Amino acid sequence: MADIVGATFIPALHKPPALLPIAKHRETLLYIIETYPITIVVGQTGSGKSTQIPQFLEQAGWCADGKVIGVTQPRRVAATTVATRVAEEFGCEVGKEVGYSIRFEDVTSADTRIKFLTDGLLIREALVDPLLSRYSVIMVDEAHERSISSDILLGLLKKIRKKRQDLRIIISSATLQAEEFRDFFSEVNEAQEAKVDNKNHGKQATDTSAIVSLEGRTYPIDILYLETPAEDYIERALSTVFEIHTKEAAGDILVFLTGREEIDQAVQEISERSAQLPPGSESILPLPLYAGLSTEQQMYVFDETPMGYRKVIFSTNIAEASVTIDGIVYVVDCGFVKLRAYNPKTGIDTLTATPVSKASAAQRAGRAGRTKTGKCFRLYTEEAYQALPDANVPEIQRSNLAPFVLQLKALGIDNVLRFDFLTPPPAELMIKALELLFSLGALDDYAKLTRPIGMRMAELAVEPMMAKTLLAAPSFGCMDEILTIAAMTSLGGSIWIQHEGEKKKADSTKRKFAADEGDHLTLLNAYQAFVTKGRKEARFCHDNLLNFKSMTRAISIRSQLRRYLERFGLAMDDSSVGGHPDPTKKAEQIRRCLTSGFFAHAARMQPDGTFRNVSGTTVLHAHPSSLMFNRKAEWVIFHEVMETGDKTYIRDITKIEKGWLLEYAPDFYKT
DNA sequence: GAGCACTGC
């Protein structure tokens, strides 16, 4: 039996006595990857694992016979930037020997040997090539983040491995979780192990996988805790910033808070209190950073700090992994993060501030040591830290799984309840997903994927309710319009922008596109104006407070969806076909069509202006960004529902008739 | 009359 952990060249878990500087251990890495089907690489940012390992493999001949080395990333930007850097080192243009592939951007060619792609995209490749046969090696980078896609991908790879002895799998992980990955791939009850050795006991079996630790190029970081818990972490964050500013050496500060409101407040407070700084001292330049900011506003954090200033960035979790800012020497960590969790009983997502995990806290602290020795101020006690969970609950255990169940079914995995998940989601989440897919007609009485409907829904890159709406559109004669609405809603609320201090204007500008029927038709109007009158120009967006980047993306999404529907033989000639020339009738067809997909998201307005769901159990509020926020309606359907703080908001709302619910979803609403 | 962390096909 190969006891890999005991082999002389492999450091022990967790506290490796001798970490590997990557270049020196090229041969070791290659030997392990050659010998073991699964290699788990533990390494901090800066260890070079994402950039070097693929090149080692390519040089060692893993791309013979035209095979490709695939490296997945959880985010689009990471796939493009890492590919660019590797291409540079490789000495080729991006898209030649080294390329990347993300939605809407396939920068690869017949020459491509190292390919970076998002994990979601690789799962979709499995739809057409179930054994991922063009890849000799697949490296799943940042697997410790535990995104749903990377979790599912690992489950698929475990399955594929049984049929492809030649495939090599590399998983890159943070220290804390390495053993979990090893155990997942090393179960004794697998056919392969069983035949090799029956002396294996439980989790001792490691003849399939090896763990390798790599040294990172980070500097030491002093961690400081509070002696007594903070009552108000924003206040504490502000005083800590001033303390650092007056007592510590030069260097920028990154403060982790939980959301936009807190961040805007903190930025403002800093500006106000800066006046009290002793005369002659350096000034503080406070900057906000969160996803809701426009790209331009986000870019300020990357500008070089002006002379005589110390930059203080107040950020959400976006700066924990997605955005990296150089020059940060001090980190202030409030200890909380807003996490999304799906309640299968109500079908509602909640967004709540939750204590961070130890893994998150470590990642946040690490943001301080990128250029020199740093300090991390944790706004909680060391006892509180010890009580934190090691890692966040994986996304797959707290999400609406309908889209992923559909995807698994399309991959031929019928018994999704028995799919080999790294951590299985709670049964209620799976059942809720199956119920919704059944009600949409994607699954039959035996929970099998229906054809063509279910299969087509799986192929469309929008969530199941919108997929159903799209597939129904030809029968309502409103394909063109639904395509646009699907593209616009899938942008997730980033369509309208506000210039500084122009709230009033934003509302009235939006009203220019307003449709009595509700938000969906308003989005349709805005898009149509953009592509016709606005000639797809940035200028038009600026004048009409539309997000140019989002609108451009909507065009891409729309045309991609259209191509799918054409392939299904559903998309028709754009202008002429079907439907009513009368705009009111046309609008009714669109509303009916939306109802046929979103019947599960129906609500009725109460005399007080709030809404109730159909069973009357939940009070819903129109989100202030919705047209229906201050308009009257009876019955409505909505795109999205989310509970934040103490209120449950619905967004993208359209008026419907009660009778349509019974017409299009008789089984769902039978009494 | 008031607001959503992040990511992906």
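Below, chain A is the first sequence line, B the second, and so on; all start at residue 1. Please read all numbers here as calculations on a predicted model, not as lab measurements. For the numbers below, each heavy atom of this structure counts, side chains included, while hydrogens, waters and symmetry mates do not.
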### Task
Have a look at A:Glu643 and say if it touches a base, only the backbone sugar-phosphate, or nothing, with a 4.0 Å heavy-atom cut-off.
nothing
### Query
Can you name the residues that form a side chain to side chain donor-acceptor pair (under 3.5 Å) with A:Lys115, not counting sequence neighbours?
A:Glu125, A:Tyr135
## Note on the structure
Across all chains, not counting sequence neighbours, the ring pair (Phe, Tyr, Trp, His ring centres under 6.0 Å) partners of A:Phe377 are none
### Query
Rounded to the Å, how far apart are A:Leu153 CG and B:dT7 P?
20 Å
### Message
By the salt bridge (charged side-chain N to carboxylate O under 4.0 Å, His left out) test, which pairs, at least two apart or in different chains, include something from residues 456-468 of chain A?
### Response
A:Glu459-A:Arg567
### Task
May I ask you to check whether A:Phe638 and A:Phe598 place their ring centres under 6.0 Å from each other?
no
### Task
Answer with yes or no whether A:Arg260 presents, from its side chain, a donor or acceptor under 3.5 Å of a partner atom in the base of B:dC4.
no
### Task
Give the intermediate values and the outcome of salt bridge (charged side-chain N to carboxylate O under 4.0 Å, His left out) for residues A:Arg562 and A:Glu566.
CA-CA 6 Å; A:Arg562 189 164 197 283; A:Glu566 274 166 6; 2.4 Å; yes
### Query
Which listed nucleotide (B:dG8, B:dC9, B:dC6) is nearest to the side chain of A:Arg553?
B:dC9
### Task
Answer with base, sugar-phosphate or nothing: what part of the nucleic acid does A:Phe629 contact at a heavy-atom distance below 4.0 Å?
base
### Summary
Out of B:dG8, B:dC6, B:dG3, minimum distance to the side chain of A:Pro624 belongs to B:dG3
### Summary
Looking only at heavy atoms, the pair that brings A:Leu429 and A:Ile396 closest together is CD1-O, 3.9 Å
### Query
Rounded to the nearest Å, what distance is computed from the CD atom of residue A:Glu320 to the C1' atom of nucleotide B:dC6?
10 Å
### Query
To the side chain of A:Lys338, which of B:dA5, B:dC4, B:dG3 is closest?
B:dA5
### Task
May I ask you to say what A:Leu351 touches in the nucleic acid, namely base, sugar-phosphate or nothing, with a heavy-atom cut-off under 4.0 Å?
base
### Query
Do any N or O atoms from the side chain of A:Arg103 and from the backbone of A:Leu121 form a donor-acceptor pair under 3.5 angstrom?
no
### Query
Do the side chain of A:Glu261 and the base of B:dC4 come within less than 3.5 angstrom through a donor-acceptor pair of N or O atoms?
no
### Task
Give a yes or no answer on whether the side chain of A:Thr450 reaches the backbone of A:Gly441 with a donor-acceptor pair at less than 3.5 Å.
yes
### Task
Starting at atom CZ of A:Arg364, determine the distance to atom P of B:dC6, rounded to an integer number of angstrom.
12 Å
### Summary
Here the distance between atom C1' of B:dC9 and atom CD of A:Gln407, to the nearest Å, is 7 Å
### Summary
Testing B:dC9, B:dA5, B:dG1 for proximity to the side chain of A:Arg340, the answer is B:dA5
### Message
According to side chain to side chain contact (heavy atoms under 4.5 Å, CB included), who are the partners of A:Asn613, at least two apart in sequence or on a separate chain?
### Response
A:Ser615, A:Thr617, A:Thr618, A:Leu620
### Query
Rounded to whole angstrom units, what separation is found between the CG atom of A:Leu491 and the P atom of B:dG8?
13 Å
#### Entry: Most 5' of A:Glu459 and A:His623 on DNA chain B, judged by nearest nucleotide
A:His623
### Task
Could you check which residues of residues 126-135 of chain A get a heavy atom under 4.0 Å from DNA chain B? Sort them by number, please.
none
### Query
Counting any heavy atom closer than 4.0 Å, what does A:Thr316 reach on the DNA or RNA strands: base, sugar-phosphate only, or nothing?
sugar-phosphate
### Task
Round to a whole Å and report the spacing from CG of A:Leu289 to P of B:dA5.
12 Å
### Whole angstrom value for the distance that separates P of B:dA2 from CG of A:Asp646
11 Å
### Task
Output yes when at least one side-chain N/O atom of A:Tyr649 is less than 4.0 Å from OP1 or OP2 of B:dG3, else no.
yes
### Task
Classify the nucleic acid contact of A:Thr118 as base, sugar-phosphate or nothing, counting any heavy atom under 4.0 Å across all strands shown.
sugar-phosphate
### Message
Can you measure A:Trp496 atom CH2 to B:dA2 atom P for me and round it to whole angstrom units?
### Response
22 Å
### Message
Check this for me: A:Gln268, atom CD, are more than 12 non-hydrogen atoms of other residues, nucleotides or ligands nearer than 6.0 Å?
### Response
no
### Query
Hey, is OH on A:Tyr300 packed in by over 12 heavy atoms from elsewhere, all under 6.0 Å?
no
### Query
NA contact type, A:Ile102, heavy-atom cut-off 4.0 Å: base, sugar-phosphate, or nothing?
sugar-phosphate
### Summary
Those stems involving DNA chain B that have three or more consecutive Watson-Crick or G-U pairs, both distances under 3.5 Å, are none
### Task
Choose from B:dC4, B:dC9, B:dT7 the nucleotide whose nearest atom is closest to any side-chain atom of A:Arg124.
B:dC9
### Message
Of the options B:dC4, B:dA5, B:dG3, whose atoms approach the side-chain atoms of A:Met642 most closely?
### Response
B:dC4
